[in-house]
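All values below come from the heavy atoms of this structure, side chains included, with hydrogens, waters and symmetry mates left out. Here, residue 1 is the first one in the sequence, and each next residue gets the next number. Just so you know, these numbers come straight off a predicted model, no measurement behind them.
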Amino acid sequence: QVQLVESGGGLVQTGGSLRLSCLASGRTVSMYAMAWFRQAPGKEREFVVGISANSGRTHYADSVKGRFTISRDNAKNTMDLQLSSLKPEDTAVYYCAVRIGVATMRADDYGVWGQGTQVIVSS
């Protein structure tokens, strides 16, 4: 069974940057699609970005396109998310998730989740 642990969240000013990391353990995730979701207070969990197993294909939500960059290192069993030009509306708990198959935008498609890391962007 795969376990996921996110790290790297924190408090940052508008326009600032953060780098989130997701470390997988239990088994290699090289054949899994991986994704980042986020959930703001009082809102549903929303898709941020997904990446295919071989890192050849990524898909970003329109709200973060051009500001966030996903990457993965299958040798290290990690996935990172570089957040730049942060806005107050990016404030949320960020979760990483994995699934067998292609990366999708639906949270229900993912069976393994981390505990989340909080990102707060002050105005």
Can you find a heavy atom in the side chain of Ser84 that is under 4.5 Å from one in the side chain of Gln82? yes
Under 4.5 Å between side-chain heavy atoms, hopping through other hydrophobics if needed: is there a path connecting Val48 to Val12? yes
Hey, could you give me the CZ/CG distance between Arg45 and Asp108, rounded to the nearest 0.5 Å? 10.0 Å
Does some side-chain heavy atom of Glu6 sit less than 4.5 Å from a side-chain heavy atom of Trp36? yes
Around Lys65, counting heavy atoms of other residues, nucleotides and ligands shown, do more than 12 lie under 6.0 Å from its NZ? yes
On a heavy-atom basis, the closest approach of Ala40 and Ala92 is N-CB, 3.8 Å
Restricting to non-hydrogen atoms, name the atom on Ala24 and the atom on Val2 that form the minimum distance, rounded to 0.1 Å. CB-CG1, 4.2 Å
Taking the side chain as every heavy atom from C-beta outward, state whether Asn74 and Thr28 have any atom pair closer than 4.5 Å. no
Would you check if Tyr60 and Thr69 make a side-chain contact, meaning some heavy-atom pair closer than 4.5 Å? yes
Treat each ILVMFWY residue as a node, draw an edge where side-chain heavy atoms are under 4.5 Å apart, and state whether Val5 and Leu81 are in one component. no
Any side-chain heavy atom of Arg38 within less than 4.5 Å of one from Ser63? yes
Are Val112 and Leu4 side-chain neighbours, meaning at least one heavy-atom pair lies under 4.5 Å? yes
Determine whether the side chains of Tyr110 and Arg99 contain a donor N or O and an acceptor N or O closer than 3.5 Å. no
Is the Phe47-Phe37 ring centre distance short of 6.0 angstrom? yes
Give a yes or no on whether Arg27 atom CZ has more than 12 heavy-atom contacts from other residues, nucleotides or ligands under 6.0 Å away. no
Will you find, in the side chains of Asp80 and Ser71, an N or O donor that is under 3.5 Å from an N or O acceptor? no
In terms of hydrophobic clusters joined by side-chain contacts under 4.5 Å, are Val49 and Leu23 together? no
pair Thr91-Gln118: side-chain heavy atoms closer than 4.5 Å: yes
Of all the heavy-atom pairs spanning Ala33 and Gly101, show the shortest one and how long it is. CB-O, 3.2 Å
Taken to the nearest 0.5 Å, the spacing of Gln115 CD from Cys96 SG works out to 7.5 Å
Test your reading of the model: is there a side-chain donor-acceptor pair from Ser52 to the backbone of Arg57, 3.5 Å cut-off? yes
Closest non-hydrogen atom pair, Leu20 against Gly9: CD2-N, 3.6 Å
Interatomic distance, OG1@Thr14 vs CD@Glu89, rounded to 0.5 Å, equals 8.0 Å
Are side-chain heavy atoms of Phe68 and Leu86 found at a separation under 4.5 Å? yes
Could you check whether Asp73 and Thr78, counting side-chain N and O atoms only, form a donor-acceptor pair closer than 3.5 Å? no
Shortest non-hydrogen contact from Ser17 toward Ser85: OG-N, 4.4 Å
Basic-acidic side-chain contact under 4.0 Å: Lys87, Asp90: no
Treat each ILVMFWY residue as a node, draw an edge where side-chain heavy atoms are under 4.5 Å apart, and state whether Ile70 and Val93 are in one component. no
Using the rule that two of Ile, Leu, Val, Met, Phe, Trp, Tyr join whenever any of their side-chain heavy atoms come within less than 4.5 Å, decide whether Met79 and Val29 are in one cluster. yes
Value rounded to 0.5 Å, distance of CG in Asp109 from OG1 in Thr104: 3.5 Å
